Amino acid sequence: MSLLPIADRWFERKRISDDITLLWEPHVVPLMRCNIWHLRGRDRDLFIDTGMGVASLREAARDLLDKAVTAVATHTHIDHVGGHHEFEHTLVHELEAENLRHPADRGGLLESVLGPDFARTFTEMGYPFSGDLITAIPSADYDAAAFQVQDSVVTEIVTEGDIVDLGDRAFEVLHLPGHSPGSIGLWEAKTGTLFSGDALYDGPLLDQIKGADIPTYIRTMKRLRELPVSVVHAGHDTSFGRERLVELCDQYLAWRR
């Protein structure tokens, strides 16, 4: 029997514009609380990342879904692809396609499963927490100890320069490795809009985890610094503009040079 409280609802949401809605999981600790972006297009919609997969994203967002939808993986860490298995069409970089099909790390939610070293490691990296990765459960019968990220189908494999066409909008795939080998961003030059995943967000960047590479991350930061963005919708924390992008890139480069 879980001692965690039962959440009234698992997802919260905020309408950013007519075609962009942000969803998030308030009962997941900040380290793992991914921004889930719903992007509406004429011919298909995107979910850019899908969160932990503790509760059904598809069910929670059913009122948003009136056409075909593609679940984009900006990368395949468990906090970004937990809900991908709910979708018939997915998109991922070629370097992480196999990990979306069959995740090497199935994850966990409870300290009893993760072990005390997990919290200690990420506290040292700037995300202090203790205990479990969730502060509530979605229903009374939910077995948090049994949580695992599930296999997902892979239907669209992309690499640098590919175009993700929504009919009325088109995004260029930017390969932005460093945080992970197959990290991508979606870039719309016409509007200066970048969905950056975990390549860049306004919080402590993780470059010493498994699969990360600091020299590669430095090259990605130099590239991002030159991008003429108007707005960055990131994988965690709040959105920001070009001035903040430059500050974040400069902070990282000064830290790691």
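No experiment lies behind these values; they were computed from the predicted model shown.
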Distance (rounded to the nearest 0.5 Å) between [X] [atom1] and [Y] [atom2]:
X: D19; Y: R42; atom1: CG; atom2: CZ; answer: 13.5 Å
X: R44; Y: T70; atom1: CZ; atom2: OG1; answer: 4.0 Å
X: D162; Y: I157; atom1: CG; atom2: CD1; answer: 10.5 Å
X: I214; Y: T220; atom1: CD1; atom2: OG1; answer: 13.0 Å

Scan for salt bridge (Lys or Arg N to Asp or Glu O under 4.0 Å) pairs involving [range], sequence neighbours excluded, and state none if there are none.
range: residues 177-201; value: R169-E188
range: residues 207-219; value: D207-R256
range: residues 133-153; value: R106-D151
range: residues 108-125; value: D117-R120

If we only count heavy atoms from C-beta on, is the [X] to [Y] side-chain gap below 4.5 Å?
X: L23; Y: W10; answer: no
X: I134; Y: H27; answer: no
X: T135; Y: L4; answer: no
X: Y252; Y: L205; answer: yes
X: L64; Y: R40; answer: yes
X: V69; Y: R58; answer: yes
X: E86; Y: T50; answer: no
X: Q251; Y: L248; answer: yes

Note: with side-chain heavy atoms under 4.5 Å as the link, the other cluster members for V153 come out as none

For V158, the rest of its hydrophobic cluster, which grows through side-chain links under 4.5 angstrom:
I16, I20, L22, W24, W37, L39, L46, I48, V72, L91, V164, L166, F171, V173, I184, L186, F195

Side-chain donor/acceptor pairs under 3.5 Å, residues 222-232, sequence neighbours excluded:
| from | atom 1 | to | atom 2 | distance (Å) |
| --- | --- | --- | --- | --- |
| R223 | NH1 | E160 | OE1 | 3.1 |
| R223 | NH1 | H175 | O | 3.2 |
| R223 | NH2 | E160 | OE2 | 2.8 |
| R225 | NE | D250 | OD1 | 2.5 |
| R225 | NH2 | D250 | OD2 | 3.1 |
| S230 | OG | T191 | O | 3.4 |

[Y] backbone acceptor or donor facing [X] side chain under 3.5 Å:
X: N35; Y: D237; value: yes
X: D49; Y: G51; value: no
X: S56; Y: E59; value: yes
X: Y201; Y: H233; value: no

Given L65 and F47, is the side chain to side chain contact (heavy atoms under 4.5 Å, CB included) satisfied, shown in steps?
CA-CA 10 Å; L65 304 179; F47 263 122; 3.8 Å; yes

Could you list the residues that satisfy salt bridge (Lys or Arg N to Asp or Glu O under 4.0 Å) with R244, not counting sequence neighbours?
D202, E247

Which residues pass the salt bridge (Lys or Arg N to Asp or Glu O under 4.0 Å) test with R9, not counting sequence neighbours?
E12

Are [X] and [Y] linked by a side-chain donor-acceptor pair shorter than 3.5 Å?
X: E156; Y: T90; value: no
X: T21; Y: R15; value: no
X: D45; Y: H38; value: yes
X: S152; Y: H85; value: no

Please give me the minimum heavy-atom distance between [X] and [Y], naming the atom from each residue.
X: G108; Y: L133; answer: O-CD1, 3.2 Å
X: L109; Y: Y142; answer: CD1-OH, 3.7 Å
X: G235; Y: S196; answer: N-OG, 4.4 Å
X: F240; Y: A234; answer: CE2-CB, 4.4 Å
X: L200; Y: C249; answer: CD2-SG, 4.2 Å
X: P204; Y: M125; answer: CB-O, 3.6 Å

Under the side chain to side chain contact (heavy atoms under 4.5 Å, CB included) rule, what do I163 and E172 come out as? Steps first, then yes or no, please.
CA-CA 5 Å; I163 301 299; E172 180 184 356; 4.0 Å; yes

Tell me every residue that passes side-chain hydrogen bond (donor to acceptor under 3.5 Å, both in side chains) with E96, counting only those two or more places apart in sequence or in another chain.
T76, S180

So which pairs with a foot in residues 106-125 pass ring-ring contact (aromatic ring centres under 6.0 Å, His included), sequence neighbours left out?
F118-F122

Listed once per pair and sorted, the ring-ring contact (aromatic ring centres under 6.0 Å, His included) pairs that draw on residues 55-75, sequence neighbours left out
H75-H77, H75-H80, H75-H179

Within one Ile-Leu-Val-Met-Phe-Trp-Tyr cluster: L174 and L95, side-chain cutoff 4.5 Å
no

When you look at CG of D66, are more than 12 heavy atoms from neighbouring residues, nucleotides or ligands closer to it than 6.0 Å?
yes

Could you check whether D63 pairs with R13 (Lys NZ or Arg NE/NH1/NH2 to Asp/Glu carboxylate O, under 4.0 Å)?
yes

